[in-house]
There are 2 protein chains.
Amino acid sequence: MSPSTVPDIIVGRLPLYLRELSKMAEEGKEITSSQELGKRLGISSAQIRKDLSQFGEFGKQGTGYNITFLVMQLRIILKVEDVWDVVLVGAGDLGHAVVNYGGFTDRGFRLGLVYDDDPSKIGQMIGSYIVQDVHSSVDDIRARNIRIAMLAVPTADAQTVTDRLVEAGIRAILCYAPTSISVPEGVKVEYIDPVLHLQHMTYYLP
Amino acid sequence: MSPSTVPDIIVGRLPLYLRELSKMAEEGKEITSSQELGKRLGISSAQIRKDLSQFGEFGKQGTGYNITFLVMQLRIILKVEDVWDVVLVGAGDLGHAVVNYGGFTDRGFRLGLVYDDDPSKIGQMIGSYIVQDVHSSVDDIRARNIRIAMLAVPTADAQTVTDRLVEAGIRAILCYAPTSISVPEGVKVEYIDPVLHLQHMTYYLP
DNA sequence: TAGATTGTTAATCGATTAACAATC
DNA sequence: TAGATTGTTAATCGATTAACAATC
């Protein structure tokens with residue numbers, strides 16, 4: 001089935017399935033069922049079976065799913081069976097946290113380049129990376145054919161940097177700035193703003 | 001209308017509306033319409049009007065919405081008209097980024113306490129905070145009546161720390177660890193895992 | 001075989017949109 | 001008044017769930 005026909009809300013759950021199944025594999029489990037996976041994720045078993053059925057038949061009646069096999073299939077579906085190079089723009093505190101974040105490894109991503117526009121930061125080391133001048137980013141990114149960027153710059157700079165990234169060939173942006181950014185058709189953007197989550201929860205607090 | 005009757009998916013959009021309206025206010029705008037706001041957020045005007053109508057009548061036919069007034073109303077609805085104290089557990093790189101994050105101010109939150117379990121970190125300064133021993137957290141949190149926590153600890157520690165926080169009276173947790181945590185009824189949890197966003201986007205990359 | 005669980009269908013449930021009377 | 005936009009209704013659209021035949 002062609003990707004464009006699968007509802008985006010289903011695609012968005014696959015990474016969650018992949019994460020939990022990888023955890024099960026680490027625990028040494030070999031087989032699971034839609035019921036068990038659903039319980040661990042707080043999702044109905046019917047939904048998990050329905051979601052997976054969009055992409056093929058991965059289980060066995062009476063038995064369930066082979067975890068290693070399903071992990072591999074989900075990696076292929078999500079296109080993370082290989083490793084994507086990712087650039088980071090913004091070498092502030094958040095940028096530091098992203099650089100030192102251990103969670104990318106084995107999940108399909110590798111930090112390739114780190115940029116900032118602050119002359120006092122350019123040339124400095126963060127972890128094993130040298131902070132590059134953002135003004136050279138378009139050429140670098142083009143040359144290395146990188147498609148994914150993480151944006152950890154101040155809100156005021158977010159749109160300008162975005163425009164440059166798109167020009168350089170970036171097609172997916174994870175934006176940590178608490179603002180909406182405009183991109184042309186064909187460029188994906190997702191946002192992380194912790195305050196949105198906090199405000200969502202305070203609604204329910206007494 | 002009683003809060004529990006409003007669909008959660010609508011509640012989840014209110015912080016987004018609030019963020020964009022605050023930005024408009026900063027730009028000096030006084031009035032907006034559901035159409036204009038929708039355009040800036042990539043949401044239909046009908047949805048915005050329907051969402052807001054769950055909580056009252058905030059606009060004027062023919063005119064639109066007074067931005068300052070609507071911002072105030074949304075703050076009240078989301079219970080962020082006052083400032084919540086928040087505790088942070090985990091003083092690693094991510095913890096540092098959270099402490100130095102400027103985005104909490106004026107959005108309803110203030111960092112109150114920072115914890116870690118690493119003796120080499122306890123007592124050190126991060127920004128203007130002294131890292132506290134997590135073993136004293138239950139008493140501290142109870143004494144100060146804090147309800148909200150951010151969790152920036154390794155995956156392996158997430159559940160243990162969560163149990164302690166719940167015992168201390170925490171009722172809302174923003175979890176940065178890439179794992180699901182179990183909490184009793186009445187405790188809200190939201191998650192931030194950048195890799196889930198990246199994997200969602202790679203699905204659509206050629 | 002008996003028990004368990006899948007993949008799928010049909011029914012239910014809920015969310016979004018279109019349209020418009022009300023009215024500023 | 002004329003034009004614009006709200007709040008709301010009804011229609012549409014889409015997502016979730018329940019149930020079960022197929023089958024391991």
Quiz item: Picking from C:dT5, C:dT16, C:dC24, which would you name as closest to the side chain of B:Lys60?
Solution: C:dC24

Practice problem: Could you check which of D:dA15, D:dT5, C:dT6 has an atom nearest any side-chain atom of A:Pro7? | Solution: D:dA15

Quiz prompt | Pairwise 5' ranking along DNA chain D for A:Ile10 and A:Gly62, keeping only the more 5' one | solution = A:Ile10

Practice problem: Check whether any side-chain N or O of B:Thr63 sits under 4.0 Å from OP1 or OP2 of C:dC24, and answer yes or no. | Solution: no

Quiz item: Do other residues, nucleotides or ligands put more than 12 heavy atoms under 6.0 Å from the CD atom of A:Glu30?
Solution: no

Quiz prompt | Length of the CD-C1' vector between A:Gln54 and C:dT9, whole Å | solution = 14 Å

Quiz item: Checking all strands, does B:Ser45 fall into the base, sugar-phosphate, or nothing category for heavy-atom contacts under 4.0 angstrom?
Solution: nothing

Self-check item: Length of the line joining B:Phe69:CZ and C:dC24:C1', which is rounded to integer Å
Solution: 15 Å

Quiz prompt | Smallest separation among heavy atoms of B:Ile77 and B:Leu14, with atom names | solution = CG2-CD1, 3.8 Å

Quiz item: A:Lys50 has a side chain; which of D:dT16, C:dA22, D:dA10 sits nearest to it?
Solution: D:dT16

Exercise. Report the distance from atom CD of B:Gln47 to atom P of D:dG7, rounded to the nearest whole Å.
Key: 15 Å

Quiz item: From C:dA22, D:dT8, D:dC24, pick the nucleotide closest to the side chain of B:Arg49?
Solution: D:dT8

Practice problem: Whole angstrom is fine here: how far is it from CG in B:Leu70 over to C1' in D:dG7? | Solution: 14 Å

Exercise. Specify the separation, in whole Å, of atom CD of B:Gln61 and atom C1' of C:dT23.
Key: 5 Å

Quiz prompt | G-U wobble or Watson-Crick pairing nucleotide for C:dT16 (cut-off 3.5 Å, both distances) | solution = D:dA11

Practice problem: Would you mind checking if A:Asp193 and B:Arg107 are paired as a salt bridge, meaning a charged N to carboxylate O distance below 4.0 Å? | Solution: yes

Practice problem: Output yes when at least one side-chain N/O atom of A:Tyr65 is less than 4.0 Å from OP1 or OP2 of C:dG7, else no. | Solution: yes

Practice problem: Please answer whether the main-chain N or O of B:Leu111 pairs with a side-chain N or O of B:Tyr129 as donor and acceptor at a distance below 3.5 Å. | Solution: yes

Exercise. Nearest whole angstrom, please: distance from the P of D:dT5 to the CG of B:Asn66.
Key: 15 Å

Quiz item: What's the closest nucleotide to the B:Ala46 side chain, out of D:dA15, C:dA18, D:dT5?
Solution: C:dA18

Self-check item: Side-chain donor/acceptor of B:Asp116 to backbone N/O of B:Ala91, under 3.5 Å
Solution: yes

Quiz item: Whole-Å distance between D:dT5 P and B:Leu37 CG?
Solution: 13 Å

Exercise. Would you indicate, yes or no, if D:dT16 has its OP1 or OP2 atom less than 4.0 angstrom from a side-chain nitrogen or oxygen of A:Ser44?
Key: no

Quiz item: Has A:Arg13 got a side-chain N or O lying under 4.0 Å from the OP1 or OP2 atom of D:dA15?
Solution: no

Practice problem: Select one nucleotide: of C:dT9, D:dT8, C:dA22, the one nearest the side-chain heavy atoms of B:Glu57. | Solution: D:dT8

Quiz prompt | Euclidean distance, atom CD1 of residue A:Ile48 to atom C1' of C:dG7 [Å, nearest integer] | solution = 14 Å

Quiz item: Considering every strand shown, what is the Watson-Crick or G-U wobble mate of D:dA21 when both distances are under 3.5 Å?
Solution: C:dT6

Self-check item: A:Asp106 atom CG, neighbour heavy-atom count above 12 within 6.0 Å
Solution: no

